[in-house]
Amino acid sequence: ARYGQSLVAYKLGLYVWGGTHGTNYPTDMHRFDLCSKQWECVVTTGDLPCGRYRHQAMVKDDFMYIVGGSGINKYGDVYTFHFGTNNWTKLQCTGTDLSNGRYAHSAVLRDGHMYLYGGSDGIRHDDLQQLDLDTRVWSRVHVHGACPPCRDFHAAVLRRGSMVIFGGSNENKRHNDAYEFHMTPKLPFCTLQSDFEQLLEQAQQDDATQSTCDVFLASGCGPTSRGVYCHSRLLQVRCPRLLELITLADAARTDAGSDEGKNKALESMPLVALWAQSPPPHSPVINVDEGDSALKAYIPVGTTPLDLRKCASRVAAGMNSIPIDMPQDVLMYFIRFLYTDLASLARLDAEKLYTLLTAAKLFEAPRLAALCERQLKLTLHLDNVMLLLRATARDAPLTQTVQDACKHFFLVNYNQCTELEECENLDPKLLCGLMRLQKFRNVSSSAAPAAAGVASGPGSFLSTTIGVPTSPAPAAVAAVTRVDSSKTTKQDTTSSTPGTLPSVGDGVVPPETLGRDLRRLLDLDIEPDFLVEVQGETIKTHRFVLIARSRYFGSCLLTSGMSESQEGKLVIPSSSPMTAEAFRAFLLFLYAGDEIRPTLEPHTAMYLVDAASFYGLTNLRLKHFCELNVRDSFDEAHVLQLFEASSRLNVDVVRAMALDFIVANFNTVCRQPALELLDKPLLIEIIKGLAEKLPQRAGGGDGRSLLEPRAAS
C-alpha cells in the first residue's frame with residue numbers, strides 16, 4: 001500500500017505515479033485499464049523524477065505534468081510524461097524561485113498555463129503562481145479580492161475557466177470552505193445546447209411548439225406506438241442519413257397510392273430489427289456495404305407502404321411520419337444528441353447502449369458513436385460481456401472495436417468468463433478464436449515476467465484485479481504486462497489478426513459540432529421558412545431556431561393570431577436602433593453561440609448590447625461579449641465617435657464605458673479633432689466627469705475653483 005500518490009485519467013486508462021510506503025519513495029508507474037479492469041506496469045524512459053509524494057499531476061493533450069512534492073528532499077521542479085512514448089522530460093523553468101520546494105499544494109492547467117496555489121515549503125503559503133508552458137517562466141499572479149487563507153492538503157479543480165479550491169489545513173485548523181478564482185471575466189454560460197434541448201422537450205408536450213415540427217419518428221408502427229417530434233432542417237445538417245431515410249419512407253408512402261406501389265410492399269427493403277439480441281430467423285444479417293439498405297433496416301420488419309400511410313395519419317398535415325425500429329427511450333437519446341451534442345448514457349443498460357451505438361454508426365453520427373463505444377468499454381463486466389460478444393459477432397464489422405474490447409476483457413478475465421453459463425451459447429467459431437488467442441497469450445506472457453524483470457515486492461500493483469473475482473496466481477501474473485516504449489506502435493483497431501491480442505482502441509471522442517452545423521443553415525440559406533426585414537433588407541431565417549433561442553420570437557411565432565406567424569415575416573421598425581449588419585451578427589449568435597466572438601466588430605457590438613434583454617435570450621452572455629468587445633476597442637482616436645454614437649442610440653452601458661475612458665485618458669483624447677464636433681450636452685458630461693476626478697480641496701488657498709482662470713501675476 002502507498003499514499004500521497006498522483007492519479008490522472010488518459011483515454012481508457014488511469015495512471016498512478018509516486019507516493020510513499022512511509023519509508024521509501026517508489027518511482028514506478030502503473031496503469032489501470034478501464035476496459036479490462038486490470039493493472040499494468042508501465043516501463044518508462046527519459047529523465048525520471050526523483051521519488052516523491054504530495055505532488056500534483058495534470059494532463060494536457062498527450063502529456064502528464066508533475067509539479068512539486070516532497071520525499072528525501074522538497075521539490076519545486078516540473079516534469080512531463082508523454083503517454084505515446086512513455087518518456088519523461090524535465091522542464092527547465094525560470095522566474096519565481098521555487099527552489100525551496102512546494103508540496104501539498106494544488107494545481108490546474110488552462111490554456112497553456114499551469115496555476116499553482118498554496119502548499120508548503122516548511123511554511124504554508126497563500127500565493128497563486130502561474131507557469132507559462134511555452135516560455136517556461138513562473139510568475140506570481142496578482143489577484144483582486146480576498147485571497148483564501150494559506151493552506152495545504154487542499155483540492156482544486158478547473159470549472160468553466162475558474163480554479164475552484166476546497167478544504168485543506170492550516171496548522172491546527174482544517175478548512176471546510178471553497179473559493180473560486182476567475183482566470184477570465186466571469187461570463188454567463190453558453191445556453192446553445194440547453195435551449196435546443198428545451199425546444200425538443202417542449203415539442204413532445206406542447207401543441208404550439210409541436211406545430212413547428214415537420215417530422216414524427218414513431219417507435220414502431222402500431223396504433224399505440226410512441227415517437228419523437230423533430231425538425232427536418234436540423235436533421236439535414238446534423239444527421240443527413242436520417243433525413244435520407246425519412247425521404248425514402250415518404251417516397252414509399254407516396255407510391256402506395258398506385259396499384260404498383262400497393263404490390264411492392266417495400267419488397268426492395270432488406271428489413272431487419274437492429275436490437276442487441278438475436279434477430280428473427282427470416283431477417284438478413286446487417287451488411288454496411290449495402291448502402292441505403294442499411295438505412296432501410298431501421299424500418300420495422302414487415303412494414304408496408306400502407307403502414308407508412310397509417311403512421312402518417314396519426315400526425316398533423318404536412319408532417320412526415322415514419323416508423324423507426326428502435327425502443328422509444330433509445331430513439332429519444334438519439335434525437336436528443338442531435339439537438340444538443342450531449343449524451344448522458346449512464347442510465348442505459350448494455351443492450352440499449354449497444355442499440356444506440358449501432359444507430360449512431362449507421363446514421364453516421366461519429367461523436368455519439370464514440371461516446372457510446374467509450375461507455376460500453378467502461379462498463380464491461382461479467383454480466384454483459386457475453387451479450388455484447390454475441391451482438392458484435394452478428395454485426396461485425398460495424399462494431400468491430402467493441403468486439404475487440406470484449407475479447408480483450410474475456411482474455412484477461414478468462415477463468416471467470418469461461419465459467420459463465422452464457423459462454424456455452426457463443427458462436428463456435430468465435431469461441432474457438434478466443435481459445436486460440438488465450439493460448440497465444442499464455443505462451444507470450446509466461447516469458448514476460450522473467451524477461452522484463454517484473455517486480456513483485458511490497459507496494460507493487462501486481463495480481464490486482466478490479467471488478468471481478470481474483471484469478472489464481474498464474475493467470476494473475478499473466479494479466480500484468482509491461483508496456484515497452486521502444487516497441488510502441490499504433491495498432492489497427494478494426495480487426496484482430498491471428499497471433500495478436502485485440503486492441504481496445506484509444507477512446508478519443510470527436511469534438512462538439514452543434515454550433516458549426518447550425519451555422520451552415522444560416523450561411524447556406526438551407527430551406528429558410530421565416531423572413532426578417534431590417535432597414536429594408538430581407539434576411540432569411542428558420543422558425544425553430546428563433547423559437548428555441550428567443551422568447552421574443554417565440555411569442556411572435558407560437559401565437560397563431562400574430563400577423564408575423566401568419567405571414568411568415570417580421571418587420572423591425574426603422575426607429576429601432578438595429579442595423580441589418582447587427583441583426584446578422586445577432587442571428588449568428590442564435591445559430592452558433594460563441595462562434596460570433598472572432599467575427600464581432602465593435603461598431604456592430606454596440607447595437608447588440610441590449611439585444612439580449614430586448615429579444616428575451618436565456619441569459620446575458622451576448623451582452624457581456626459585446627461589452628468586452630467594445631471596451632477592448634477603445635483608443636484615443638475612436639473613443640469620441642463611440643461616445644457620440646452610444647449616446648445617440650441610448651446604449652447607456654457603452655456610453656458610460658466610453659466616458660470613463662475619456663476621463664482617464666483626457667490628456668491625449670483632448671487633442672483629437674473629434675472633440676470639437678461633440679454636442680454641448682456631451683461636452684458637459686465630459687467636464688462633469690473630469691470635475692469628479694479632481695481632488696477636493698480641504699480649504700485654504702484663495703477659495704477659487706481649480707477650473708477658474710487665474711490672473712497673470
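This one's a predicted model, so the numbers in the text were calculated from it and none came from an experiment.
In this structure, the side-chain contact (heavy atoms from CB on, under 4.5 Å) partners of Val164, at least two apart in sequence or on a different chain, are Val157, Arg159, Glu180. Applying the side-chain hydrogen bond (donor to acceptor under 3.5 Å, both in side chains) test to Gln193 and every residue at least two apart in sequence or in another chain returns Glu512. Remark: Thr379 pairs with no residue by the side-chain hydrogen bond (donor to acceptor under 3.5 Å, both in side chains) rule, at least two apart or across chains. Partners of Arg336 under the salt bridge (Lys or Arg N to Asp or Glu O under 4.0 Å) rule, at least two apart in sequence or in another chain, are Glu197, Glu201. The salt bridge (Lys or Arg N to Asp or Glu O under 4.0 Å) test applied to Arg160 returns no partner, not counting sequence neighbours. The ring-ring contact (aromatic ring centres under 6.0 Å, His included) test applied to Phe544 returns His231, not counting sequence neighbours. With sequence neighbours excluded, the residues satisfying salt bridge (Lys or Arg N to Asp or Glu O under 4.0 Å) with Asp523 are Arg519. Evaluation of the side-chain contact (heavy atoms from CB on, under 4.5 Å) rule for Asp206 yields Ala208, Thr209 as partners, not counting sequence neighbours. Under the salt bridge (Lys or Arg N to Asp or Glu O under 4.0 Å) criterion, Asp525 pairs with no residue, sequence neighbours left out. Every residue meeting the side-chain contact (heavy atoms from CB on, under 4.5 Å) condition with Arg516, not counting sequence neighbours, appears here in chain and number order: Thr513, Glu595. Partners of Thr618 by side-chain contact (heavy atoms from CB on, under 4.5 Å), not counting sequence neighbours, listed by chain and number: Thr191, Asp195.
Ser219 contributes a side-chain N or O that, together with a main-chain N or O of Met326, makes up a donor-acceptor pair within less than 3.5 Å. Side-chain atoms of Gln210 come within 3.5 Å of backbone N or O of Ala203 as a donor-acceptor pair. Listed for the Asp341 side chain is a donor-acceptor partner under 3.5 Å among the backbone atoms of Leu514. Of the possible donor and acceptor atoms, one in the side chain of Thr599 sits under 3.5 Å from a partner among the backbone N and O of Ile596. Distance alone, capped at 3.5 Å, is enough to place a donor-acceptor pair between the Gln204 side chain and the Tyr229 backbone. With hydrogens and angles ignored, the 3.5 Å screen pairs a side-chain donor or acceptor of Ser550 with a backbone N or O of Phe553. Here the side chain of Thr604 pairs no donor or acceptor atom with the backbone of Leu600 at under 3.5 angstrom. Listed for the Thr541 side chain is a donor-acceptor partner under 3.5 Å among the backbone atoms of Phe530.
When the shell of 6.0 Å around NZ of Lys11 is examined, it contains more than 12 heavy atoms from other residues, nucleotides or ligands. Around NE2 of His113, the count of heavy atoms belonging to other residues, nucleotides or ligands within 6.0 Å exceeds 12.
In this structure, Met332 CE and Gln328 CD are separated by 7.5 Å, a value rounded to the nearest 0.5 Å. Note that CG of Leu521 and CG of Leu234 are 7.0 Å apart. Values are rounded to the nearest 0.5 Å. To the nearest 0.5 angstrom, Asn619 atom CG is 10.5 Å from Ser613 atom OG. A distance of 11.0 Å separates SG in Cys626 from CG in Leu620, rounded to the nearest 0.5 Å. Taking CE of Met657 as the start and CD of Glu627 as the end, the distance is 5.5 Å to the nearest 0.5 Å. Separation of atoms CZ (Phe196) and CG (Leu342) is listed at 13.0 Å; rounding is to 0.5 Å.
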- Message: Between Arg655 and Asp652, is the salt bridge (Lys or Arg N to Asp or Glu O under 4.0 Å) condition met? List the steps.
- Response: CA-CA 5 Å; Arg655 181 174 60 184; Asp652 294 336; 3.0 Å; yes
Considering only distance and modelled atom types, tabulate donor-acceptor pairs under 3.5 Å from the side chains of residues 576-590, sequence neighbours left out.
residue	atom	partner	partner atom	Å
Thr579	OG1	Ala582	N	3.0
Glu581	OE2	His603	NE2	3.4
Arg584	NE	Glu537	OE2	3.4
Arg584	NH2	Glu537	OE2	2.5

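Taking all atoms of both residues into account, the shortest heavy-atom contact from Pro188 to His624 is CD-CD2, 3.6 Å. Scanning both residues, Gly13 and Leu34, for their nearest heavy atoms gives N-CD1, 4.2 Å. Between Lys377 and Thr401, the shortest heavy-atom distance links the atoms CE-O, 4.1 Å. The nearest pair of heavy atoms linking Ser162 to Met183 is C-CE, 4.5 Å. Taking all atoms of both residues into account, the shortest heavy-atom contact from Arg367 to Val509 is NH1-CG1, 3.5 Å. Summarising the geometry of Pro602 relative to Val630, their closest heavy-atom pair is O-CG2, 3.9 Å, with the distance given to 0.1 Å.
Among Leu245, Thr247, Leu248, the one residue that satisfies the side chain to side chain contact (heavy atoms under 4.5 Å, CB included) test with Ile322 is Leu245.
Using a 4.5 Å heavy-atom threshold, the side chains of Asp594 and Arg621 count as touching. Residues Val228 and Phe334 form no side-chain contact, since every pair of their non-hydrogen atoms from C-beta on lies 4.5 Å or further apart. Residues Asp349 and Asn384 are not in side-chain contact: their nearest non-hydrogen atoms beyond the backbone lie 4.5 Å or more apart. Between Asp395 and Tyr354, some side-chain heavy-atom pair lies under the 4.5 Å cut-off. No side-chain heavy atom of Ser232 sits less than 4.5 Å from a side-chain heavy atom of Ile246. Taking the side chain as every heavy atom from C-beta outward, Arg233 and Asp529 approach each other to under 4.5 Å. A 4.5 Å side-chain heavy-atom check between Leu557 and Thr212 finds every atom pair outside the cut-off.
Figure legend: cation-pi geometry between Arg238 and Phe337, with NZ or CZ positioned under 6.0 Å from the six-membered ring centre and within 45° of its axis.
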